[in-house]
Amino acid sequence: MNRDVILTGIRSNDEPTIGNYLGAFLPMVELQQKFAGEYQVNMFVPDLHSFTTPIDHAQLYANTIKNLKYFIAAGLAIENEDTFIYRQSFIPAHSELTWILDCFTYMGEMQRMTQFKEKTLQSSSSGTAENSVSVGLFNYPVLMAADILLYNAKWVPVGDDQKQHIEIARDLGLRLNNKFGEELFIVPEEWKKQLAFAKRDNGVRIRSLVNPEKKMSKSIADPRGTILLSDDPAVAAKKVMGATTDSVGSINFDWDTQPGISNLLQMLALMSGQAQEDINRAWTGNERYGDLKKAVAEATEAFLADFQSRYQSVDESALLAKLEASEAAMNEVASSTLLRVQKAVGLRA
Ligand code: ATP
Ligand code: MG
């Protein structure tokens, strides 16, 4: 297995949103199709990341399987032998490498992470004292670095909200390489190259329909602003029709001045598979916001109806067999990276 690795994951704590689909599932599936046979594809469920914020633990296991079925419904070809599908917690090296990396990570680095700041703010504004934010939320970027470094992954197609975390994974890998020798880790490529690899100029960040200053998120309670992959298609269309826009009065793709409108234009481009420029050209200057909402609502409704019927027909027993085989293979890769690190830091002879 000397092929470059493309790796992505999505947490199984809640129902995925259309933001997860457009920012993570879709780019991964497109890359798999484009590079079939040329790269190794690692698609995993970071189940250890699930309870950095409080969740219903009784649902976690079932949600993990459900999330994997979503990957498949999104078009991931599991019969492909270069594709591995696995659960993070089934591979103990993730936890072990995280501890080692933790000891080379600086408090200041973690404190700068915007995801941490946003989520900390969210729980304090909802009445929770700041000191009830978990240490897990604080250092999950280190676990994410382990997720990437264990498999020598160069390419990590994720949404724009994960940019800093990719950079931290890279920094940590390089830091240990400097200290212990260049051969220790293969580090992920820098963000600009990641975007070029995924053929994007900008990271995808779908915004909340209600509050377009914020990203659409599955763990932040925002039912009218969030479209879940499991939403009734007609209900989802209504959410789009109710999207917050602005009072500019004419359509422009400009995230600073018209984030709500730009969000709709981005959703339309990605869901219809058309280039953003073409969509923008077709709509710029148009004064009828209602027409744009209607176009996005229709695209969303059609997309969800189709996606949900594909989800229903996913073969669960094929998935379970694939999981078992992938987890065995990935345990070997991860254990061998871990052993290399254990030797480097003096834990093994
Ligand atoms: P949470 O808000 O609880 O962190 P999430 O929606 O960010 O949940 P994750 O499982 O953390 O979900 O992220 C899974 C993938 O989805 C990541 O690659 C992330 O970049 C991407 N993603 C998440 N939200 C969006 C969004 N609004 N737009 C585009 N991509 C997104
Ligand atoms: Mg997230």
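Values reported hereafter were calculated over all heavy atoms of this structure, with side chains retained and with hydrogens, waters and symmetry mates removed. Ligands are counted one by one from 1 in listed order, and the atoms in each one are counted from 1 as well. These numbers come from a predicted model, not from an experiment.
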Can you name the residues that form a side chain to side chain contact (heavy atoms under 4.5 Å, CB included) with F51, not counting sequence neighbours?
I55, H57, L60
Tell me, which protein residue and heavy-atom name are nearest atom 7 (O) of ligand 1, and how many Å apart are they?
K215 NZ, 2.4 Å
Can you check which of V204, T226, D222 brings a heavy atom nearest to atom 29 (C) of ligand 1?
V204
Distance-only N or O hit between ligand 1 and M216, under 3.5 Å
yes
Sub-4.0 Å atoms of ligand 1 with respect to non-hydrogen atoms of V158
18 (O), 20 (O)
By salt bridge (Lys or Arg N to Asp or Glu O under 4.0 Å), E96 pairs with (sequence neighbours left out) none
Looking only at heavy atoms of K119, does any of them come nearer than 4.0 Å to an atom of ligand 1?
yes
Under 4.0 Å to a heavy atom of R11 - the qualifying atoms of ligand 1, by number:
1 (P), 3 (O), 4 (O), 8 (O), 10 (O), 11 (O)
For the 3.5 Å polar cut-off, considering only N or O atoms, please tell me whether G159 and ligand 1 meet it.
yes
Would you mind finding which of M267, K163, K218 brings a heavy atom closest to atom 8 (O) of ligand 1?
K218
Among S208, P16, G19, the residue with a heavy atom nearest to atom 30 (N) of ligand 1 is G19
Should one rank I166, I220, I55, D161 by closest heavy-atom distance to atom 19 (C) of ligand 1, which comes out on top?
D161
Looking at T64, N63, D47, which hits side-chain hydrogen bond (donor to acceptor under 3.5 Å, both in side chains) with S12?
T64
